[in-house]
Amino acid sequence: VLDDCDDDFRTSPFEDAVIFFDSNGKPVRKVSGLNICQTVGGCRALSVSRDGRFFTVCENVANKLSAYQLETGKRLWSLDGDFTSATISRNGMVYALNSANSINPLYGKLTQVIDQEGRIVRQAPAGGFDLAVDADRNVLWLAGKSVKKLDLELKPLLEVDSIRWCAVSVDLNRDGSVWVAERKHPDVTQSTNRILKISQAGQILKTVGLRLSPFCLRVDRS
């Protein structure tokens, strides 16, 4: 769990932390010294590799993306930048969204690919607030001002431009479609609280209006 437990993000020491729990919910370890604050949605600020070797954390106040060894909490590498979200592919490559000091950081500016040594090996001018990698189909989905689909070389495949303010969370279905959460903003005309199901081809399959404001969604793929 990435815990925004230190309410003072201006004065050190900074004490936000990643906290590890056992299967009974007992805290067993933590990595502290982080500096984060509230965001508008459930972007992947914390991600864990599939093989359990390492995890990544986006610090939106400290402005960095760091990787840590899962077993020990040792920091493996760190990159400066306005990172909002990162996810880890099967081969250990990290796909990250960087707002790069853009005017509106919610919409992002760059998608970057980072190797296991912390080196940026590829980037493209495709922005978003949250992202998800579909390892079975070798594609990347971005959600923000719009919903974009890229291949893993960061070449654009499609864009769904039906978001009225900001899509703040995206997750995958087993069939390659995605669910996206969109939030309403009081100052943005026609913005709304809803979730959308979007096909692999970019067709909106379903729209569900919500009375609540959705921060984060995850799909039960079973």
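The analysis underlying the following values was restricted to heavy atoms, covering all of them including side chains, and did not include hydrogens, waters or symmetry mates. Residue numbers start at 1 and run along the sequence shown.
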Legend entry - Side-chain touch Ile198/Leu205, heavy atoms, less than 4.5 angstrom: no

Inset, instruction - First locate atom SG of Cys37, then atom CG of Asp7, and finally report the distance between them rounded to the nearest 0.5 Å. - result: 12.0 Å

Legend entry - Distance-minimising heavy-atom pair for Leu131 and Ala86: CD2-N, 3.8 Å

Inset, instruction - For Asp130 and Cys43, work out which heavy atoms get closest and say how close. - result: OD1-CA, 3.5 Å

Inset, instruction - Provide the closest heavy-atom pair for Val168 versus Phe215 in the form atom of the first, atom of the second, distance. - result: CG2-O, 3.5 Å

Inset, instruction - For the pair Arg122 and Glu153, find out whether any cationic side-chain nitrogen is under 4.0 Å from an anionic carboxylate oxygen. - result: yes

Legend entry - Heavy-atom pair of closest approach, residues Gln200 and Ser177: CG-N, 4.1 Å

Inset, instruction - Kindly compute the distance separating CZ (Arg218) from CG (Leu172), expressed to the nearest 0.5 Å. - result: 9.5 Å

Inset, instruction - Heavy atoms only: give me the nearest Glu59-Leu34 pair and the separation to one decimal. - result: OE1-CA, 3.3 Å

Inset, instruction - For Arg183 and Ser191, indicate whether the former's side chain and the latter's backbone hold a donor-acceptor pair under 3.5 Å. - result: no

Legend entry - Main-chain N/O of Phe14 paired to Ser12 side chain as donor or acceptor, under 3.5 Å: no

Legend entry - Test item: Asn60 side-chain N/O and Ile36 main-chain N/O as donor-acceptor pair under 3.5 Å: no

Inset, instruction - Give a yes or no on whether the backbone of Asp82 and the side-chain of Ser99 come within a donor-acceptor separation of less than 3.5 Å. - result: yes

Inset, instruction - Nearest 0.5 Å please: distance from the CD1 atom of Ile19 over to the CG atom of Leu2. - result: 9.0 Å

Legend entry - Separation of Asp4 CG from Glu15 CD (nearest 0.5 Å): 12.0 Å

Legend entry - Side-chain ion pair, Arg29 and Asp22, N-O less than 4.0 Å: no

Legend entry - Evaluation steps, side-chain hydrogen bond (donor to acceptor under 3.5 Å, both in side chains), between Ser146 and Asp161: CA-CA 5 Å; Ser146 62; Asp161 192 13; 5.1 Å; no

Inset, instruction - Look only at the side chain of Asp3 and the backbone of Val18, and say whether a donor-acceptor pair between them is shorter than 3.5 Å. - result: no

Legend entry - CG on Asn98 to OG1 on Thr84, rounded to 0.5 Å: 8.0 Å

Legend entry - More than 12 heavy atoms of other groups within 6.0 Å of Lys30 NZ: no

Inset, instruction - Indicate yes or no: at least one non-hydrogen side-chain atom of Ser78 is less than 4.5 angstrom from one of Leu65. - result: no

Inset, instruction - Would you sort out whether Thr87 and Trp141 count as a side-chain contact (heavy atoms from CB on, under 4.5 Å), showing the intermediate values? - result: CA-CA 11 Å; Thr87 190; Trp141 289 89; over 6 Å; no

Legend entry - Main-chain N/O of Lys184 paired to Thr192 side chain as donor or acceptor, under 3.5 Å: no

Inset, instruction - State whether the side chain of Glu71 and the backbone N or O of Arg53 hold a donor-acceptor pair below 3.5 Å, judged by distance alone. - result: no

Legend entry - Distance-minimising heavy-atom pair for Val31 and Gly73: CG2-CA, 3.8 Å

Legend entry - Any donor-acceptor N/O pair, Asp16 side chain to Asp6 backbone, under 3.5 Å: yes

Legend entry - Spacing of CZ belonging to Arg119 relative to CD1 belonging to Ile114, to within rounding of 0.5 Å: 12.0 Å

Legend entry - Donor-acceptor pair, side chain of Lys64 and main chain of Cys58, under 3.5 angstrom: no

Inset, instruction - Look only at the side chain of Ser169 and the backbone of Leu217, and say whether a donor-acceptor pair between them is shorter than 3.5 Å. - result: yes

Inset, instruction - Check the angle between the aromatic planes of Phe55 and Tyr68 and answer parallel, tilted or perpendicular using the 30° and 60° thresholds. - result: parallel

